[in-house]
Chemist: 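The following block contains the structure, expressed as structure tokens.
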Amino acid sequence: MKRVKLIVAYDGTNYNGWQIQPNGITIEEMLNKHLTELLQEPIKVIGASRTDAGVHALGNVAVFDTNARMPAEKISYAMNTRLPQDIRIQNSCEVQADFHPRFCKTIKTYEYRILNRRFPDPTRRLYSLFYYYPLDVEKMRSAAGYLVGEHDFKSLCTHKEEVENTVRTIYSVDITKEIDEISIRIKGNGFLYNMVRIIVGTLLRVGSGYYEPGYMKELLEARDRQAAGETAPPQGLTLLKIEYV
């Protein structure tokens with residue numbers, strides 16, 4: 001028996017998220033199906049990040065156990081001949097038997113893209129949020145500065161009964177603009193449910209002048225989801241990478 005780690009990239013447009021659901025096709029379901037067929041034994045992967053429907057990834061991580069004799073590094077090539085074109089394995093390797101992608105210390109990096117222009121661009125509609133009103137990037141950067149460090153992010157997540165600890169550490173928030181596209185890149189030790197998308201929704205309110213940058217500090221202290229902005233749509237969000245430290 002060996003444990004194999006996969007680095008998985010996918011376009012989330014046609015999937016109902018990562019985790020197996022009764023009402024739609026998911027990334028986890030597709031990996032299980034094709035690994036089971038390839039290795040001729042029942043396979044169930046364990047994912048590091050359960051991305052939502054419509055969210056993309058360049059570097060999500062999954063592991064599975066197998067008795068197959070196929071070398072771990074060859075599984076990526078074999079799987080990429082079987083998977084649909086919107087899912088691709090970027091790397092496969094053998095790891096220690098006790099390695100668990102969710103219970104190890106990590107640094108996760110997400111990026112959210114906003115198309116800030118007068119008219120939509122149909123070629124970018126699946127990978128960015130179209131936002132008509134002008135955004136003040138400097139104000140957004142100023143507000144984002146309050147997020148860096150260890151904070152209770154209860155105001156910036158969707159509540160889940162099983163989650164008791166809402167304290168997380170954000171290492172950096174970098175906001176850049178190139179022509180008409182704004183990129184918000186967030187790096188942290190972990191993220192709560194919808195946390196990145198709610199941060200983006202709140203930064204949009206700052207950029208449009210609805211909130212002042214300093215409101216972000218008040219919002220964190222409030223520990224109240226109703227104090228924050230809306231949850232930004234999923235298509236602008238990509239999980240770039242997960243680093244194990």
Side-chain angles (χ1 to χ4, degrees), residues 7-13 15 17-18 48-49 51-61 86 88 90 106-149 151 153 156-157 168-213 215-216 219-220 228-243:
I7 298 178
V8 190
Y10 47 88
D11 179 334
T13 303
Y15 297 94
W18 172 274
S49 183
T51 52
D52 293 335
V55 174
H56 316 294
L58 295 179
N60 205 347
V61 173
D86 50 7
R88 282 293 179 266
Q90 303 300 294
T106 62
I107 299 174
K108 294 183 179 180
T109 305
Y110 282 90
E111 182 179 63
Y112 197 98
R113 295 181 180 179
I114 302 163
L115 188 61
N116 192 207
R117 66 203 304 263
R118 186 175 180 185
F119 296 109
D121 178 345
T123 68
R124 289 187 274 177
R125 74 192 188 283
L126 301 179
Y127 311 104
S128 61
L129 166 67
F130 169 65
Y131 198 82
Y132 172 82
Y133 298 100
L135 292 170
D136 188 324
V137 174
E138 287 303 320
K139 285 188 175 182
M140 294 169 71
R141 288 183 183 129
S142 179
Y146 292 100
L147 300 173
V148 177
H151 303 286
F153 286 94
L156 292 162
C157 70
R168 297 292 186 273
T169 299
I170 298 297
Y171 300 119
S172 62
V173 184
D174 297 313
I175 303 177
T176 58
K177 184 174 183 179
E178 186 172 349
I179 308 176
D180 56 9
E181 187 169 275
I182 297 169
S183 168
I184 302 173
R185 187 169 293 196
I186 305 178
K187 183 179 291 190
N189 70 346
F191 294 89
L192 299 157
Y193 185 47
N194 285 338
M195 179 172 157
V196 176
R197 290 165 58 191
I198 295 170
I199 287 173
V200 171
T202 305
L203 289 173
L204 285 171
R205 288 195 174 189
V206 172
S208 61
Y210 188 84
Y211 294 151
E212 288 300 315
Y215 178 71
M216 190 68 81
L219 186 157
L220 288 169
E230 59 279 343
T231 304
Q235 72 272 14
L237 183 61
T238 299
L239 171 58
L240 294 183
K241 62 181 177 179
I242 301 174
E243 302 167 83

Chemist: Applying ring-ring contact (aromatic ring centres under 6.0 Å, His included) as the test, list every pair that has at least one member in residues 111-146; sequence neighbours left out.
Modeler: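 Counting only pairs at least two positions apart or across chains, the ring-ring contact (aromatic ring centres under 6.0 Å, His included) contacts touching residues 111-146 are His56-Tyr127.
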Chemist: Under the rule for side-chain contact (heavy atoms from CB on, under 4.5 Å), what residues qualify as partners of Ser172, not counting sequence neighbours?
Modeler: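 With neighbours one apart ignored, the set is Asp174, Lys187.
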Chemist: Return a table of donor-acceptor pairs under 3.5 angstrom between the side chains of residues 234-243 and protein atoms on other chains or two or more places apart.
Modeler:
none

Chemist: Looking at Arg113, I'd like to know if its CZ atom is crowded, meaning that more than 12 non-hydrogen atoms belonging to other residues, nucleotides or ligands lie closer than 6.0 Å.
Modeler: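 No, the 6.0 Å shell around CZ holds no more than 12 heavy atoms from other groups.
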Chemist: Ignoring hydrogens, what is the shortest heavy-atom contact between Leu129 and Pro233? Give both atom names and the distance.
Modeler: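 Residues Leu129 and Pro233, closest heavy atoms: CD1-CG, 3.7 Å.
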Chemist: Is there a side chain to side chain contact (heavy atoms under 4.5 Å, CB included) between Leu204 and Tyr210 once you walk through the steps?
Modeler: CA-CA 9 Å; Leu204 285 171; Tyr210 188 84; over 6 Å; no
Chemist: Suppose we screen for salt bridge (Lys or Arg N to Asp or Glu O under 4.0 Å). Which residues come up paired with Arg185, at least two apart in sequence or across chains?
Modeler: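 Once residues adjacent in sequence are excluded, the partners of Arg185 under the salt bridge (Lys or Arg N to Asp or Glu O under 4.0 Å) criterion are Glu111.
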Chemist: CG of Leu203 to CD1 of Ile184: how many Å apart, nearest 0.5 Å?
Modeler: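 Reported to 0.5 Å precision, the distance equals 5.0 Å.
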Chemist: How close do Leu156 and Ala228 get, heavy atom to heavy atom, and via which atoms?
Modeler: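 For Leu156 versus Ala228, the nearest heavy atoms are CD2-CB, 3.9 Å.
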Chemist: Mind checking what makes salt bridge (Lys or Arg N to Asp or Glu O under 4.0 Å) contact with Arg117, not counting sequence neighbours?
Modeler: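 Arg117 satisfies salt bridge (Lys or Arg N to Asp or Glu O under 4.0 Å) with Asp180 only.
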Chemist: Could you tell me the separation between the OG atom of Ser49 and the NZ atom of Lys108, rounded to the nearest 0.5 Å?
Modeler: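 Here the interatomic distance stands at 4.5 Å.
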Chemist: Going by salt bridge (Lys or Arg N to Asp or Glu O under 4.0 Å), name the residues that satisfy it together with Glu230, two or more places apart in sequence or in a different chain.
Modeler: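 Listed in chain order: Arg205.
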Chemist: Go through the structure and list residues passing side-chain contact (heavy atoms from CB on, under 4.5 Å) with Thr176, not counting sequence neighbours.
Modeler: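 Per chain and number, Thr176 pairs via side-chain contact (heavy atoms from CB on, under 4.5 Å) with Ser183.
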Chemist: Quick one: list whatever passes side-chain hydrogen bond (donor to acceptor under 3.5 Å, both in side chains) with Thr231, sequence neighbours left out.
Modeler: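 Once residues adjacent in sequence are excluded, the partners of Thr231 under the side-chain hydrogen bond (donor to acceptor under 3.5 Å, both in side chains) criterion are Arg225.
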Chemist: Test of understanding: with ring pair (Phe, Tyr, Trp, His ring centres under 6.0 Å), list the residues that count as partners of Tyr110, not counting sequence neighbours.
Modeler: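 For Tyr110 the ring pair (Phe, Tyr, Trp, His ring centres under 6.0 Å) partners, ignoring immediate neighbours, are Phe191.
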Chemist: Do any pairs count as a salt bridge (charged side-chain N to carboxylate O under 4.0 Å, His left out) and have a residue in residues 128-141, sequence neighbours left out, and if so which ones?
Modeler: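 Every pair satisfying salt bridge (charged side-chain N to carboxylate O under 4.0 Å, His left out) with a residue in residues 128-141: Glu138-Arg141.
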Chemist: If you round to the nearest 0.5 Å, how far is CD1 of Ile114 from NZ of Lys177?
Modeler: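 Rounded to the nearest 0.5 Å, the NZ-CD1 separation comes to 10.0 Å.
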Chemist: Specify the closest pair of heavy atoms between Leu135 and Ser208, including all atoms of both residues, with the distance to one decimal.
Modeler: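 Minimum heavy-atom contact is CD2-N, 3.7 Å.
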Chemist: Please report the shortest heavy-atom distance between Ala232 and Gly201, naming the atom on each side.
Modeler: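 Closest approach of Ala232 to Gly201: CB-N, 4.1 Å.
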Chemist: Under the criterion side chain to side chain contact (heavy atoms under 4.5 Å, CB included), I'd like the reasoning laid out for Ile170 against Met195: C-alpha separation, chi angles, the key distance, then a yes or no.
Modeler: CA-CA 11 Å; Ile170 298 297; Met195 179 172 157; 3.8 Å; yes
Chemist: Please report the interatomic distance CG(Leu220) to NE2(His151), rounded to the nearest 0.5 Å.
Modeler: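 It comes to 6.0 Å.
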Chemist: Using salt bridge (Lys or Arg N to Asp or Glu O under 4.0 Å) as the criterion, list what pairs up with Asp52, not counting sequence neighbours.
Modeler: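 So Asp52 forms a salt bridge (Lys or Arg N to Asp or Glu O under 4.0 Å) with Arg197.
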Chemist: I'd like to check the side-chain contact (heavy atoms from CB on, under 4.5 Å) partners of Ala9; sequence neighbours left out, ordered by chain and number.
Modeler: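 Partners of Ala9 by the side-chain contact (heavy atoms from CB on, under 4.5 Å) criterion, ordered by chain and then number, come out as Gln90.
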Chemist: For the pair Asn189 (side chain) and Thr169 (backbone), establish whether a donor and an acceptor sit closer than 3.5 Å, ignoring hydrogens and angles.
Modeler: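 Looks like yes, one N/O pair under 3.5 Å.
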Chemist: Drop me the distance from Ile186's CD1 to Ile199's CD1, to the nearest 0.5 angstrom.
Modeler: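 With rounding to 0.5 Å, CD1 (Ile186) is 4.5 Å from CD1 (Ile199).
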Chemist: Report the distance from atom CE of Met216 to atom OG1 of Thr202, rounding to the nearest 0.5 Å.
Modeler: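 Here the rounded value is 5.5 Å.
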